[in-house]
Amino acid sequence: MSASGPSKPLDLAIVGGGISGLTFAIGLLENGIRPTIYEAAAHFGEIGAGVAFGPNACRAIAKISPKVAAAFDKCKTANTFESKGNTWFDVRIGDERRADKDGYVKPGVKVGDLLYEILFSSNDNRGGVHRARFLDELVKIVPDGVAKFGKKLADISDATDGSGDVVLHFMDGSIAQHTAVVGCDGIKARTREIVLGKDDPAATPVFSGKYAYRGLIPMDEAIKLVGEEEAQNSQFYFGYHGHLLTFPIEKGKTMNVVAFSSAKEWKNPNWVVSTSKEEMQADFAGWGPKVTSIVGAMQKPDIWALFYHLPASTFYKDRICLLGDAAHATTPHQGAGAGMCVEDSLVLSSILKDAKTVDDIKKAFVAFDQVRRPRTLKNVVTSGEAGQLYEFELEGDDLDQIEKNQRERMKWIWDIDLDEQIEQARKIYQGDRAKM
Ligand SMILES: Cc1cc2nc3c(=O)[nH]c(=O)nc-3n(C[C@H](O)[C@H](O)[C@H](O)COP(=O)(O)OP(=O)(O)OC[C@H]3O[C@@H](n4cnc5c(N)ncnc54)[C@H](O)[C@@H]3O)c2cc1C
């Protein structure tokens, strides 16, 4: 058992090769820095499910690398109808219990009818991707040899050779020595436990009280169920303690469905479990025909228990920094978790571009923490509220109040000036560097 190499500046280890690890690695490579990715799995891969990227995420993607932008464009599907080109989601009430005896939820609007549209605030790129396909494309951008597989991080210790390096210890008994580590190992991150300490309540993910059925429906079938307009463009269906969303992926060949429901606690040690159609249909009994027909048609649905992180007091400790879900895992209700990961990758890789020494790396971590922590933690809190809003738990079932609230809540996410984020981080980095 020997360490993989001596200390040299910017010999960075990335733990985890999901959206965060890959986009961060590509950002570094674009800036002339070659990291090593240690991924627990035997190969890159993900279960099939859709992920939506908003305008902020797409701007970050384009700034990281034109190659990532091309990979995204290859996989992305936006709303199909030209008239829906600027629509984030159409909003409908899916739950029949909200209707009066004639089926109306408000004058002229029945269960399942269009209530209002939430529009994007700019024409910037956005869209949904099949996560596994997008990751496949990202992997193609990373040169051979950068990623090492079957390397599940167990612990990190200080090097004993006087270099001040970190030594990564893997479950297979091997070790690797690097100047610094960026933990991109997701919501159950081992790096998070190491940075925060196992006893910190924020080190352990918390159940959000919501779970989601995720499944796919071939587009032909989806059109038969809800018609072309609803199947081919993004839809929200709101209800009591549950909601459902659909959007097209795979160039419109497939409708992605996420159907949310509520539970007081989650006892199963597994967070993704397979389920039966009957169980799912029981959860949506009392909902209108559109929602019940979508739920009935979902192929091989899985249940995802939705966990999130309590706010971390820091995203770094000495030479270890957390990025993406490892730093700020969120519920998915604003569709912004992966976007925040990509923004993180952009900001940290941009500041590390100028780093020449180990102290520079540490200062880059400080700057990253100061700029990124407030924004990403705000997303975790507001995402939880958004889930409650859609399920009549924040503004009750007052549809006017829900609309007013929803119209305002995404702008700060979509309209972020990413150059400004990089500039702020660079100023902190340079200021702190000057003090060294
Ligand atoms: C139901 C649901 C729907 C979502 N929908 C959206 C959406 O529409 N839009 C959006 O922006 N976001 C969405 N998200 C959030 C988004 O999926 C995540 O924010 C994002 O995928 C996190 O990426 P990551 O790379 O940080 O972590 P992960 O994807 O979890 O990747 C972590 C990687 O680290 C590896 N790893 C873990 N532990 C170790 C270890 N000890 N050693 C080595 N490797 C390790 C794992 O194998 C994995 O490859 C959704 C999330 C859920 C649960």
Side-chain angles (χ1 to χ4, degrees), residues 13-25 36-47 49-58 60-61 88-89 126-132 134-135 138-139 147-156 168-172 176 181-194 205 208 210-215 234 245-247 249 256-260 271-272 301-309 322-345 376 379-380 383 387 413-414:
I14 298 174
V15 179
I19 288 173
S20 298
L22 288 171
T23 55
F24 179 54
T36 307
I37 302 174
Y38 295 98
E39 166 56 48
H43 49 80
F44 287 123
E46 274 262 11
I47 59 159
V51 181
F53 286 84
N56 56 309
C58 291
I61 280 173
W88 180 45
F89 275 97
R126 63 259 169 165
V129 295
H130 189 289
R131 193 193 312 231
F134 183 47
L135 280 175
L138 292 182
V139 168
K148 312 229 180 281
F149 298 99
K151 294 287 173 195
K152 182 163 187 184
L153 181 80
D155 211 350
I156 301 177
L168 288 79
H169 300 254
F170 300 103
M171 298 295 253
D172 65 0
V181 184
V182 178
C184 299
D185 40 345
I187 188 166
K188 294 181 181 171
R190 177 70 185 113
T191 53
R192 184 177 179 91
E193 290 176 347
I194 295 168
S208 67
K210 307 282 174 200
Y211 58 91
Y213 299 97
R214 295 179 96 179
S234 314
L245 63 85
T246 66
F247 58 85
I249 57 168
N256 181 62
V257 185
V258 194
F260 297 84
W271 295 358
V272 183
D302 289 318
I303 292 185
W304 291 52
L306 301 176
F307 282 70
Y308 70 103
H309 284 148
L322 307 174
L323 186 149
D325 271 20
H328 45 70
T330 175
T331 52
H333 305 304
Q334 292 178 144
M340 292 288 162
C341 298
V342 184
E343 288 184 15
D344 280 358
S345 293
T376 52
N379 180 51
V380 179
S383 174
I413 296 176
W414 293 335

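First listed ligand is number 1; within each ligand, the first listed atom is number 1. Treat the numbers as computed from the prediction; the structure is a model and nothing was measured.
Only the side chain of C341 comes within contact range of ligand 1, with a heavy atom under 4.0 Å; no backbone atom does. In M340, neither the side chain nor the backbone holds a heavy atom less than 4.0 Å from any atom of ligand 1. With a 4.0 Å cut-off on non-hydrogen atoms, A57 does not touch ligand 1 at all. Under 4.0 Å from ligand 1, the heavy atoms of Y38 that appear belong solely to its backbone. At a 4.0 Å heavy-atom cut-off, ligand 1 touches K151 through the backbone alone. Residue contacts with ligand 1, taken as heavy atom pairs separated by less than 4.0 Å, involve A336 solely via the backbone atoms N, CA, C and O.
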Show, in sequence, the C-alpha distance, side-chain angles and deciding distance for I413 and M340, and conclude whether the side-chain contact (heavy atoms from CB on, under 4.5 Å) test is met. CA-CA 9 Å; I413 296 176; M340 292 288 162; 4.2 Å; yes
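Of the N or O atoms in G337, one or more lie within a sub-3.5 Å distance of an N or O in ligand 1. Close N/O approach between A338 and ligand 1 is found [any backbone or side-chain N/O within under 3.5 Å]. At under 3.5 Å, a nitrogen or oxygen of E39, whether backbone or side chain, sits near a nitrogen or oxygen of ligand 1. Taking distance alone, with nitrogen or oxygen atoms compared against 3.5 Å, R190 stays at or beyond that limit from ligand 1. Between I19 and ligand 1, a contact under 3.5 Å exists for at least one N or O pair. Considering backbone and side-chain atoms alike, V15 places every N or O at 3.5 Å or more from each N or O of ligand 1. Considering both main-chain and side-chain atoms, L153 comes within under 3.5 Å of ligand 1 through a nitrogen or oxygen pair. Between S20 and ligand 1, at least one pair of N/O atoms sits closer than 3.5 Å. For ligand 1, the polar-atom distance check against G335 finds a nitrogen or oxygen pair separated by under 3.5 Å. Between A52 and ligand 1, an N or O atom pair is found at a separation short of 3.5 Å.
The closest heavy-atom contact to atom 51 (C) of ligand 1, among the options G18, P332, S208, A327, comes from P332.
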Distance-only criterion, 3.5 Å: show the donor-acceptor pairs between side-chain atoms of residues 14-25 and protein atoms not counting sequence neighbours.
from, atom 1, to, atom 2, distance (Å)
T23, OG1, I19, O, 2.7
T23, OG1, S20, O, 3.3
T23, OG1, S345, OG, 2.9

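The atoms of ligand 1 that sit less than 4.0 Å from any heavy atom of W304 are 53 (C). The distance from ligand 1 to the heavy atoms of G339 drops below 4.0 Å at these ligand atoms: 11 (O). Within the listing of ligand 1, atoms 1 (C), 2 (C), 3 (C), 4 (C) sit less than 4.0 angstrom from a heavy atom of R214. Atoms of ligand 1 lying under 4.0 Å from at least one heavy atom of R131, given by number and element, are 17 (O), 21 (O).
Taking every heavy atom of both residues into account, G183 and T191 meet most closely at CA-OG1, 3.5 Å. Minimum interatomic distance between A326 and D185 (heavy atoms only, all atoms of both residues): CB-OD1, 3.8 Å. Shortest non-hydrogen contact noted between A57 and V342 is O-CG1, 4.2 Å.
Side-chain contact between I187 and F307: present, with at least one pair of heavy atoms (C-beta onward) separated by less than 4.5 Å. For the pair L153 and Y38, the minimum side-chain heavy-atom distance is 4.5 Å or more. Taking 4.5 Å as the limit, some side-chain heavy atom of H333 sits within range of a side-chain heavy atom of F260.
Atom CG in N56 sits 9.5 Å away from atom CD1 in I61 (nearest 0.5 Å). Put simply, NZ on K188 and NE2 on H309 are 10.5 Å apart, with the number rounded to the nearest 0.5 Å. Taking CG of L306 as the start and OG1 of T331 as the end, the distance is 7.0 Å to the nearest 0.5 Å. Interatomic distance, CE of M171 versus NZ of K151, reported as 12.5 Å (0.5 Å rounding).
With sequence neighbours left out, the ring pair (Phe, Tyr, Trp, His ring centres under 6.0 Å) criterion links Y211 to Y213.
Within the structure, the closest approach of C184 to ligand 1 falls below 4.0 Å when heavy atoms are considered.
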